[in-house]
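These notes are about the structure you will find just below.
Convention: sequence-line order gives letters A, B, ...; per-chain numbering from 1.
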2 protein chains.
Amino acid sequence: MNIKEVAKRAHVSTATVSRTINDPSKVKPHTAERVRKAIKDLNFYPNTHARTLVSGRSRMLGLIISDITNPFFPELVKSFEDQAVQRGQEVIIGNTDYKPKRMAGCIRRMLERKVDGVAILTSESDSELLAELTRRNIPMVLLDTVRSGAHSATVTVDYAQGIREALEHLFSLNHERIAFISGPLDLHSARVRRTAFVCGMKARGITIEPEMIEKGDHRIEGGLIAMKHLLGLKQPPTAVMASNDLTAIGALGAIHDAGLKVPDDISLIGFDDISFAHLTQPRLTTVLLSRTQIAMTAFAALQKLIANEKEQFDYTIPTHLVMRASTSAV
Amino acid sequence: MNIKEVAKRAHVSTATVSRTINDPSKVKPHTAERVRKAIKDLNFYPNTHARTLVSGRSRMLGLIISDITNPFFPELVKSFEDQAVQRGQEVIIGNTDYKPKRMAGCIRRMLERKVDGVAILTSESDSELLAELTRRNIPMVLLDTVRSGAHSATVTVDYAQGIREALEHLFSLNHERIAFISGPLDLHSARVRRTAFVCGMKARGITIEPEMIEKGDHRIEGGLIAMKHLLGLKQPPTAVMASNDLTAIGALGAIHDAGLKVPDDISLIGFDDISFAHLTQPRLTTVLLSRTQIAMTAFAALQKLIANEKEQFDYTIPTHLVMRASTSAV
DNA sequence: CTGTTAGCGCTTTCAT
DNA sequence: ATGAAAGCGCTAACAG
């Protein structure tokens, strides 16, 4: 079942069949109609591999993420894929599992499959590998990464905005003794969040005691342990900001375990607004970082790079406080 | 950068390069070594599309699921992909969004990309489309579906086992007034779970009052509403089984909203054991349905079909009760 | 507007 | 053990 059979059945050449598929304006409407009928009758689908081979464009995109089981990523993947499918493109996904080493394998796969472009939306990255992509002229979009040569664009998240809003909210509730549970500090995005917290506190004229900054790991466990430390202090905080929602959920568990209540005893704010954030008890006040928006922006940027429309190479995604039920006045 | 360049550099023909890549035993070790060096020097990756075109095998697998943002699926996708990548295969994912109609689009994409086989691990399915795959001799693996012609295998989940265990657990805790919140009954898997519940109760000699069976939608919202109805009864249940964890989480919310406590006032059991199930307050007792196991089984079955090893066509996945903190004696 | 034809990069007979 | 050459199914020049 191939284009030849269709051509035979429609009494035209294969070129005409190809044209009616790719650019019907080049074919007399009457002929096109006959071809379309033949295609339908034979239930014909063009072979994308043959297409790719001759045209050089695979209509496949690479999407590299850290870990699909991290609740941050599924929505991201979904909107990215939805857009791709809508435009007749296919997505192949690479998981780095947070190990920069695994990125190499992902990129090799993308290269082998001749993707038209790749979006690297992981938190970690490896400059050598990115150089390899640049060398091969593969358009790429990066998340939160400074580097941005030819054929590349960057999507930067404005983490600080949401954290400022969160702090203002806490200040308005008369909190001053506010602790922060950070993520793993080898992560750029974790460092940025902590810095934003420190700056926001300073701007308010509050000096942060060192014990008010705990280190977590962006997972439940780390939040739980960090919160236990915080509760063990002679003078515990009245409010806690967590570097992400999983951390906040861990902290919530620790607070419950200690027989205390959120928000009555301690106010708590997360970051990301993963879908579980409104399933906690109480529902978690958090900072929304729209995965859909990241995906759509990255996708659009990638398409522009692929189409070689040199317009914009830097995009910013805002973050905003979402008030729910885990904060109250002191 | 292609096989010709490699051939030139190694002073051999393209055929020899091809052989050293695909079956080195056909090449004199010394020659193979030279070719390998050329490949490395030039940083050459074979073009999979050209390969597919001539060999007829794409080394791509289709994986159709309902919705990646449903916490049931990410683990499934991850283990399936991990296995594929390990064997040098690529996975393309299709989301049906629970709409049987969208399945057609997914299958068309798979056909266009000439996948070597497809795993349809959705809850819903469409027999006409499956027939199309059968007609084209595409190996396929189905989940919980009776139909299983040539080139196809079925993975069946033993929902009843876990539900029996859950009921026995509740019986041992002296519960008798047990309600069930079902899923959408057009779903086969939802019907099976309800039936298992009814049978289990009957086996114990308990007659189920009609009001003890509520209908949900396998999402939070449905569980919340159903539980409200249950709490409004003149004689509410002492324990509730939910058709899945999201439903149980909704029910948990409704119980909290009513000022009651789990498990002190009402015991609650979920189904699936999604990762959030041990993050609830209290941690949810539920029935584990291993997504990893489904993925591994489906993957292995698909490989066998592709390799044409006609061995087994029916696989069963067990389910088991996981006791946590949402049940107690009446 | 339509047909002819030359590849795209690779694998695979068929010779040697 | 190796090379020459014929395609896999499609698109894109080039003619007409």
Side-chain angles (χ1 to χ4, degrees), chain A residues 1-39 42-60 88-90 111-116 136-137, chain B residues 1-39 42-60 88 90 108-116 136-137:
Chain A
M1 174 66 319
N2 55 25
I3 204 173
K4 244 177 172 169
E5 305 257 322
V6 178
K8 201 184 297 174
R9 192 178 169 103
H11 302 291
V12 294
S13 70
T14 61
T16 301
V17 177
S18 176
R19 287 195 275 262
T20 64
I21 292 170
N22 297 302
D23 188 356
S25 76
K26 288 182 179 166
V27 180
K28 191 162 66 172
H30 182 68
T31 318
E33 204 37 68
R34 231 174 44 233
V35 172
R36 267 192 285 271
K37 183 169 183 328
I39 288 177
L42 292 162
N43 214 339
F44 165 77
Y45 301 118
N47 181 324
T48 53
H49 302 284
R51 255 178 154 172
T52 298
L53 198 54
V54 54
S55 72
R57 290 177 45 248
S58 65
R59 297 165 200 240
M60 289 211 276
Q89 300 174 121
E90 214 56 61
L111 255 28
E112 278 179 356
R113 300 282 171 179
K114 296 273 180 288
V115 294
D116 293 335
R136 299 201 179 228
N137 279 341
Chain B
M1 173 64 319
N2 56 26
I3 203 173
K4 243 178 172 168
E5 305 258 322
V6 177
K8 201 184 296 173
R9 191 177 169 103
H11 302 291
V12 294
S13 71
T14 61
T16 300
V17 177
S18 176
R19 286 187 196 109
T20 63
I21 292 171
N22 297 302
D23 188 356
S25 77
K26 288 181 179 167
V27 179
K28 193 162 63 171
H30 182 67
T31 318
E33 205 38 68
R34 232 175 43 236
V35 172
R36 267 193 284 272
K37 181 167 185 332
I39 288 177
L42 293 160
N43 213 340
F44 166 77
Y45 301 119
N47 181 324
T48 52
H49 302 284
R51 252 178 157 173
T52 298
L53 198 54
V54 54
S55 72
R57 290 177 46 248
S58 66
R59 298 166 199 238
M60 290 211 276
E90 214 55 61
R108 214 179 56 93
R109 284 166 49 207
M110 310 280 156
L111 256 28
E112 279 178 355
R113 300 281 170 180
K114 295 275 179 289
V115 294
D116 293 335
R136 298 200 181 229
N137 280 340

Completion exercise
When rounded to the nearest 0.5 Å, the distance separating CD of B:Glu33 from NE2 of B:His30 is 9.0 Å
Practice task
Would you mind telling me which of D:dT2, D:dG3, D:dA12 lies closest to the side-chain atoms of A:Ala15?
Solution key: D:dA12
Exercise for the section: Answer yes or no: does a side-chain N or O of B:Thr16 lie under 4.0 Å from OP1 or OP2 of D:dT2? Expected result: no
Problem - d(CZ, B:Arg51; P, C:dT12) in whole Å - result: 10 Å
Handout entry: Short side-chain N/O contact to D:dC10 OP1/OP2 from A:Ser18, under 4.0 Å
Key = no
Handout entry: A:Asn22 side chain near D:dT11 phosphate (N/O to OP1/OP2, under 4.0 Å)
Key = yes
Practice task
For B:Asn2 and C:dC10, give me the distance from atom CG to atom P, rounded to whole Å.
Solution key: 5 Å
Exercise for the section: Would you tell me if any nitrogen or oxygen in the side chain of B:Ser55 comes within less than 4.0 Å of OP1 or OP2 on D:dC8? Expected result: no
Exercise for the section: Look at atom CZ of B:Arg136 and say whether more than 12 heavy atoms of other residues, nucleotides or ligands are closer to it than 6.0 Å. Expected result: yes
Practice task
For A:Arg19 and D:dC10, give me the distance from atom CZ to atom P, rounded to whole Å.
Solution key: 15 Å
Handout entry: OP1 or OP2 of C:dG9 under 4.0 Å from side-chain N/O of B:Asn47
Key = no
Exercise for the section: Ignoring hydrogens and angles, tell me if any N or O in the side chain of B:Ser18 forms a donor-acceptor pair with the backbone of B:Thr14 under 3.5 Å. Expected result: no
Exercise for the section: For B:Lys26 and D:dA1, give me the distance from atom NZ to atom P, rounded to whole Å. Expected result: 11 Å
Exercise for the section: Under 4.0 Å between any heavy atoms, over every strand shown, what does B:Val17 touch: base, sugar-phosphate, or nothing? Just pick one. Expected result: nothing
Problem - Whole-Å distance separating the NE2 atom of B:His49 from the C1' atom of C:dC8 - result: 12 Å
Practice task
Would you mind reading off the distance between B:Ile21 atom CD1 and C:dC10 atom C1', rounded to a whole angstrom?
Solution key: 9 Å
Exercise for the section: Quickly work out the A:Arg34 CZ to C:dG3 P distance and round it to whole Å. Expected result: 8 Å
Handout entry: Lys/Arg-Asp/Glu bridge criterion (N-O < 4.0 Å) met for B:Glu112, B:Arg109
Key = no
Practice task
Please check if the side chain of A:Ser58 supplies one atom and the backbone of A:Lys114 the other of a donor-acceptor pair under 3.5 Å.
Solution key: yes
Practice task
Classify the nucleic acid contact of B:Thr31 as base, sugar-phosphate or nothing, counting any heavy atom under 4.0 Å across all strands shown.
Solution key: sugar-phosphate
Problem - Whole-Å distance separating the NZ atom of A:Lys28 from the C1' atom of C:dT2 - result: 9 Å
Completion exercise
Ranking B:Ser25 and B:Ala50 by the position along DNA chain D of their nearest nucleotide, the one closer to 5' is B:Ser25
